[in-house]
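Structure record follows, encoded as structure tokens.
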Protein chains: 2
Amino acid sequence: MKDNNDMPGHLARRFQQIAVAVFLAEVEDAGFDLTPVQYAALATIKANPGLDQVTLAGLIAYDRTTITGVIDRLVQKGLIERRPSSRDRRARELEITDEGRRTLRKITPAVESAQRIMLRGLSAKEGEELMRLLRKAIAAGNELSRAPLRDAQV
Amino acid sequence: MKDNNDMPGHLARRFQQIAVAVFLAEVEDAGFDLTPVQYAALATIKANPGLDQVTLAGLIAYDRTTITGVIDRLVQKGLIERRPSSRDRRARELEITDEGRRTLRKITPAVESAQRIMLRGLSAKEGEELMRLLRKAIAAGNELSRAPLRDAQV
DNA sequence: TGATATTGATCAGTATGCTGACTATCAGTA
DNA sequence: TACTGATAGTCAGCATACTGATCAATATCA
């Protein structure tokens, strides 16, 4: 019988669990209330003004049904705006607000600190290697989840 | 601005997302309906007959409030039994059923196949190195989540 | 012993994430 | 143009995960 510690799936779940806990703790210490998912969405909307929800989902590999709720909460917090697209009446264009921009700027140190903390058991070289291997495994498995990563159409 | 791909937290989430999708697909192909979490709980109950829920949670690093629902569903499926402990009337003892044992035996090839698939982009050596680095990072961050890994009391 | 603290389990509430279904709209084509 | 298929977004339902609270039972110690 294989031990849990020999199962990449188990290790993935555990590392992700710690990563989320660290992120939330750092962000809360900085005085904000934003989840990892909300942060990624907000940063991506800022970098791609006016994008629609499906494009956003593709850029950060979320399921389109998950995005709906995330967007709802970001709008609720006043960090982004959602308005109908003029080109496609099915689509919604997403735009960051001034407050969203402010939040993003002030929260960045906490986010970067969280990334360091979740790798604190590794040397700099090991951290780089872990990220490289994760990127490689993810690239090979990209199409295996319902929410694959997609490039922006531009 | 850091890219998502430079964020270990983002990579962790993405790898876990793929790992779960692969697990569910392989298990469903084998004709079963069991989540990664349910599998880990079932295997751990089999290996530690009569353990209580808190001990189970510690062994696989789940939150104790999450365990309740997982156990409910395993009982519902007839794979385990939950009964009051004789030593401590607050606690419940968990025991695998014959059907649980049968399911575990028949599902194992699918689970092992899933572990291979989620590492398919990596060489054997790289897969080992990824697991080593994950274990190391997890060990250093164990106490940072609400559900740290705990040894069994025995 | 009796007061206090701790522990095992559960619950309510919130936030991902998924499947599958549905509506509205758009795009391509016969 | 009318039909067909695809697409954007939403929703219901289910399963993790977490926070914080509660209840019952156990442990601890003055």
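Just so we're on the same page: letters track the sequence lines, and every chain starts at 1. The figures that follow rest on heavy atoms only: side chains count, while hydrogens, waters and symmetry mates do not.
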Length of the [atom1]-[atom2] vector between [X] and [N], whole Å:
| X | N | atom1 | atom2 | result |
| --- | --- | --- | --- | --- |
| B:Arg13 | D:dA17 | CZ | P | 14 Å |
| B:Phe15 | C:dG17 | CZ | P | 16 Å |
| B:Leu56 | C:dT7 | CG | C1' | 17 Å |
| A:Arg89 | C:dT25 | CZ | P | 5 Å |
| B:Leu94 | C:dT10 | CG | C1' | 14 Å |
| B:His10 | C:dT16 | NE2 | C1' | 15 Å |
| A:Asp63 | C:dA21 | CG | C1' | 14 Å |
| B:Ile60 | D:dA17 | CD1 | P | 10 Å |

Close side-chain approach of [X] to [Y], heavy-atom, < 4.5 Å:
| X | Y | result |
| --- | --- | --- |
| A:Lys125 | A:Glu128 | no |
| A:Ile45 | A:Glu95 | no |
| B:Glu129 | A:Leu133 | yes |

request  = Go along nucleotides 4-14 of chain D 5' to 3' and tag each nucleotide: B for a protein heavy atom under 4.0 Å from its base, S when only backbone or sugar atoms are that close, - otherwise.
outcome  = --BBSBBB---

State, to 0.1 Å, how close [X] and [Y] come at their nearest heavy-atom pair, and which atoms those are.
| X | Y | answer |
| --- | --- | --- |
| B:Leu59 | B:Leu149 | O-CD1, 3.1 Å |
| A:Ser145 | A:Pro148 | O-CD, 3.6 Å |
| B:Lys77 | B:Glu99 | O-OE2, 4.2 Å |

I'd like a table of donor-acceptor pairs (distance under 3.5 Å, sequence neighbours excluded) in which one partner is a side-chain atom from residues 24-36 of chain B, with atom names and distances.
| from | atom 1 | to | atom 2 | distance (Å) |
| --- | --- | --- | --- | --- |
| B:Glu26 | OE1 | B:Ser113 | OG | 2.7 |
| B:Thr35 | OG1 | B:Gln38 | N | 3.1 |

Watson-Crick or G-U wobble mate for D:dT16, both contacts under 3.5 Å =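 Its partner is C:dA15 (Watson-Crick or G-U wobble, both distances under 3.5 Å).
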
inquiry  = Could you check whether B:Glu81 pairs with B:Arg92 (Lys NZ or Arg NE/NH1/NH2 to Asp/Glu carboxylate O, under 4.0 Å)?
reply    =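 Here B:Glu81 does not pair with B:Arg92 in a salt bridge, since their nearest N and O are not under 4.0 Å apart.
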
inquiry  = Between B:Glu93 and B:Arg82, does any side-chain N to carboxylate O distance fall below 4.0 Å?
reply    =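 Between B:Arg82 and B:Glu93 there is no salt bridge, as every charged N stays at least 4.0 Å from the carboxylate O atoms.
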
message = Any residue in residues 17-36 of chain A with a heavy atom nearer than 4.0 angstrom to DNA chain D? Just list them by number, or reply none.
response =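 Correct list: A:Gln17.
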
key: Residue A:Thr66, side-chain heavy atoms: nucleotide from D:dC18, C:dG17, D:dA15 that is nearest   =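 Looking only at side-chain atoms, A:Thr66 lies closest to C:dG17.
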
ask   = Between A:Gln16 and D:dA17, is there a side-chain N or O to OP1/OP2 distance below 4.0 Å?
value = no

